[in-house]
Number of protein chains: 2
Amino acid sequence: MATKVKECSSNAYNLQVLATSCEVNEVLEKIGSRWKMQILHSIAHGTQQFSTLKKAFPSLSDQVLGKRLKELVEYGLINKAIVEDTVPPQTIYSATSKGTALLSIIHDLHMWGMKEWD
Amino acid sequence: MATKVKECSSNAYNLQVLATSCEVNEVLEKIGSRWKMQILHSIAHGTQQFSTLKKAFPSLSDQVLGKRLKELVEYGLINKAIVEDTVPPQTIYSATSKGTALLSIIHDLHMWGMKEWD
DNA sequence: CCGCATCCCTTTGGATACTG
DNA sequence: CAGTATCCAAAGGGATGCGG
């Protein structure tokens, strides 16, 4: 959004370098929240219900899960669909193409991390 | 380190998926701290002194900068060299190959973010 | 020039409990 | 089953000021 103020410096320095390094923060802050990428990953791999996600991450609390799901939907990384013709109605989450594209980069990051740190 | 306890779930679920999604967090938490990637990026592009980094990011305080630099050194992403034969002695930071490799992934992430969000 | 110590404030994540 | 409301503890980041 053009309205968002980016409070990075500029001052007669290498603008190109700074502009680039500035925006990285925004991306990292958006995807870096705890559990977010794991949740996205799990959804993309078939864990698509609230309850199953809870089981998958026992140390993750309900409201954090709810919060993350909401953010992921807002960012357009996952879709939320409600299946009405079951009792009770089910909510199904699925990764969007945007989410899948992000995951492939996150996967590279993960591979790098494992190679360097494990 | 093998001593680090990974408190992710497992329980008869898809172990492969969970193991993968678990470790992503560690990587993200290591590199996701505010300013860290920007600092790494700036160092890799020639801003290699404490004072010039400060000028590059006016809204970044000294002790956060110091902390980040320390972490980056600990992770082996940058090197710290002290030039003794100048007065006063200079401290020069430079990116390691490990740091450069990480930056290329971060760059992809940045490109993705700009494409999707800006 | 290169940082660290201290204090403080904001943000984030989690526990408990309750609804449609 | 799928969440939300409220409260709380912990961590992270920043301001100020000082030392090597």
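Numbered from 1 within each chain, the chains take letters A, B, ... in sequence-line order.
A:Lys98 NZ: more than 12 foreign heavy atoms inside a 6.0 Å radius.
Note: CD (A:Glu84) to P (D:dA2) measures 13 Å, nearest angstrom. Atom pair B:Glu29:CD and D:dG13:P shows a separation of 11 Å (rounding to whole Å applied). As a whole-Å value, the separation of B:Lys70 NZ from C:dA5 P is 7 Å. Rounding to whole angstrom units, CD1 of residue B:Ile92 and P of C:dG3 are separated by 11 Å. Regarding A:Ile39, its CD1 atom lies at a distance of 12 Å from the P atom of D:dG3, rounded to whole Å. The nearest whole Å value for the distance from the CD1 atom in B:Ile82 to the P atom in C:dC2 is 10 Å. Put simply, CD on B:Gln48 is 18 Å from C1' on C:dG3, counting in whole angstrom units. The CD1-P distance, from B:Ile43 to C:dC2, rounds to 12 Å in whole Å.
As judged by a 4.0 angstrom heavy-atom cut-off over every strand, A:Lys54 is placed among residues making no nucleic acid contact.
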Contact letters for nucleotides 6-13 of chain C, in which S counts primed atoms plus P, OP1 and OP2 and B counts the base, heavy atoms under 4.0 Å: -------S

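The side chain of A:Lys55 contributes no N or O atom lying less than 4.0 Å from OP1 or OP2 of D:dC1. Neither OP1 nor OP2 of D:dC1 sits under 4.0 Å from any side-chain N or O of A:Gln49. Between A:Tyr93 and D:dC1 there is no side-chain N or O to OP1 or OP2 distance below 4.0 Å.
Between A:Glu29 and B:Arg34 there is a salt bridge, since a side-chain N of the basic residue sits under 4.0 Å from a carboxylate O of the acidic one.
Side chains of B:Gln38 and A:Asn25 form a contact here, defined as non-hydrogen atoms less than 4.5 Å apart. Counting heavy atoms from C-beta outward, B:Leu102 and A:Trp112 have side chains that approach closer than 4.5 Å. Side-chain contact check for B:Leu69 versus B:Phe50: some heavy-atom pair is nearer than 4.5 Å. Side chains of A:Ile82 and A:Gln90 form no contact here, defined as non-hydrogen atoms less than 4.5 Å apart.
Between the side chain of B:Ser42 and the main chain of B:Thr47, no donor-acceptor pair closer than 3.5 Å is present.
Distances from the side chain of A:Asp62 to the nucleotides D:dG14, D:dG3, C:dC1 place D:dG3 closest.
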